[in-house]
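Note sheet for the following structure.
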Amino acid sequence: MVHLIIRKATLITGIAAIALLSSCYYDNVEELYPQSPDCDTTNISYATDIFPVIDANCIACHSGSAPSGNVSLSNYSEILAASQNGSLLGTIKHEPGWSPMPKNGNKLDDCTISKLEVWVAVGSPDN
Ligand code: HEC
């Protein structure tokens, strides 16, 4: 009898743990970054959504032979590196521990930041 009760408790704990775990687990980008009606974050492309933002807001300081902060963002592989080490989102979202970017400029708008977040979340593809 005692044995049975313990097994039942283990089972319930197990189910609760699975339920808890699966409720925090997301693999759906749309769920993680819900779309607002005026911000289309589907089919984000490096060429049309990402590079133009960097080009317009960052490249002036982050290219050439002496890029600001020693961070160059002039091509895909450099932007990919910033995406992978966390500095791209950290700086544009003005997160603690990062220098807020664009330096001395306005924070990028929420939709642009969402697009960059989605691009980073799906692995920063080059297309
Ligand atoms: C007006 C020049 C300027 C612009 C524009 C600019 N940056 Fe910077 N950036 C700097 C300077 C200067 C630094 C060195 C750190 C500092 O002085 O804050 C820096 C540092 C950084 C770093 C390293 C930050 C760290 O905390 O390690 C990253 C990443 C970065 N910038 C990304 C960007 C991105 C992305 C954009 C565009 C959205 C951008 N920057 C626009 C001047 C600029």
Side-chain angles (χ1 to χ4, degrees):
M1 189 57 194
V2 174
H3 183 69
L4 246 173
I5 292 170
I6 293 171
R7 290 203 39 179
K8 211 171 171 184
T10 314
L11 186 70
I12 292 168
T13 317
I15 291 170
I18 291 166
L20 248 171
L21 278 174
S22 54
S23 67
C24 336
Y25 179 75
Y26 288 97
D27 61 357
N28 187 328
V29 171
E30 307 300 312
E31 268 175 52
L32 257 179
Y33 304 102
Q35 277 220 59
S36 89
D38 26 314
C39 182
D40 184 3
T41 55
T42 53
N43 302 321
I44 298 295
S45 138
Y46 171 74
T48 55
D49 301 295
I50 307 303
F51 186 74
V53 170
I54 307 291
D55 193 20
N57 298 284
C58 320
I59 271 188
C61 299
H62 291 289
S63 62
S65 54
S68 290
N70 229 358
V71 175
S72 185
L73 299 170
S74 60
N75 58 44
Y76 173 73
S77 63
E78 292 170 348
I79 296 167
L80 176 68
S83 136
Q84 289 175 337
N85 69 22
S87 64
L88 183 66
L89 292 183
T91 54
I92 63 164
K93 290 167 77 177
H94 296 188
E95 282 177 351
W98 301 103
S99 281
M101 295 290 144
K103 182 117 188 146
N104 305 326
N106 291 329
K107 195 178 179 188
L108 300 177
D109 66 86
D110 289 347
C111 184
T112 301
I113 292 178
S114 299
K115 288 178 178 180
L116 283 153
E117 283 181 313
V118 168
W119 181 70
V120 171
V122 298
S124 314
D126 181 14
N127 54 29

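Each residue takes its place number in the sequence, starting with 1. All ligand and atom numbering here is 1-based and tracks the order in the structure.
Remark: N70 CG is loosely packed, at most 12 non-hydrogen atoms of other residues, nucleotides or ligands lying under 6.0 Å away.
Screening L88, L116, I113, L108 for a side-chain contact (heavy atoms from CB on, under 4.5 Å) involving K93 leaves a single residue, I113.
Neither the backbone nor the side chain of I54 has any atom closer than 4.0 Å to an atom of ligand 1 (non-hydrogen atoms only).
Summary of contacts: the protein heavy atom closest to atom 5 (C) of ligand 1 is N57 O, 3.2 Å. When hydrogens are left out, the protein atom nearest atom 25 (C) of ligand 1 is W98 CE3, 3.8 Å; that is the closest non-hydrogen contact.
Residues L73 and I54 come closest through the heavy atom pair O-CG2, 3.5 Å. Residue N85 comes nearest to S87 through the heavy atom pair OD1-OG, 2.7 Å, listed as atom of the first residue, atom of the second, then distance. Residues I44 and K115 share a closest heavy-atom pair of CD1-CG, 3.5 Å. Among all heavy-atom pairs drawn from P125 and Y46, the shortest one is O-CB, 3.4 Å. In terms of heavy atoms, P67 sits closest to G64 at CD-O, 3.4 Å.
Between the side chain of H62 and the backbone N or O of S74 there is no donor-acceptor pair closer than 3.5 Å.
The shortest separation from a heavy atom of L88 to ligand 1 is under 4.0 Å, placing the residue in contact.
Shown are the protein N/O/S atoms under 2.8 Å from atom 8 (Fe) of ligand 1, given by residue and atom: H62 NE2, M101 SD.
Within ligand 1, counting atoms from 1 as listed, the ones closer than 4.0 Å to a heavy atom of I92 are 35 (C), 38 (C).
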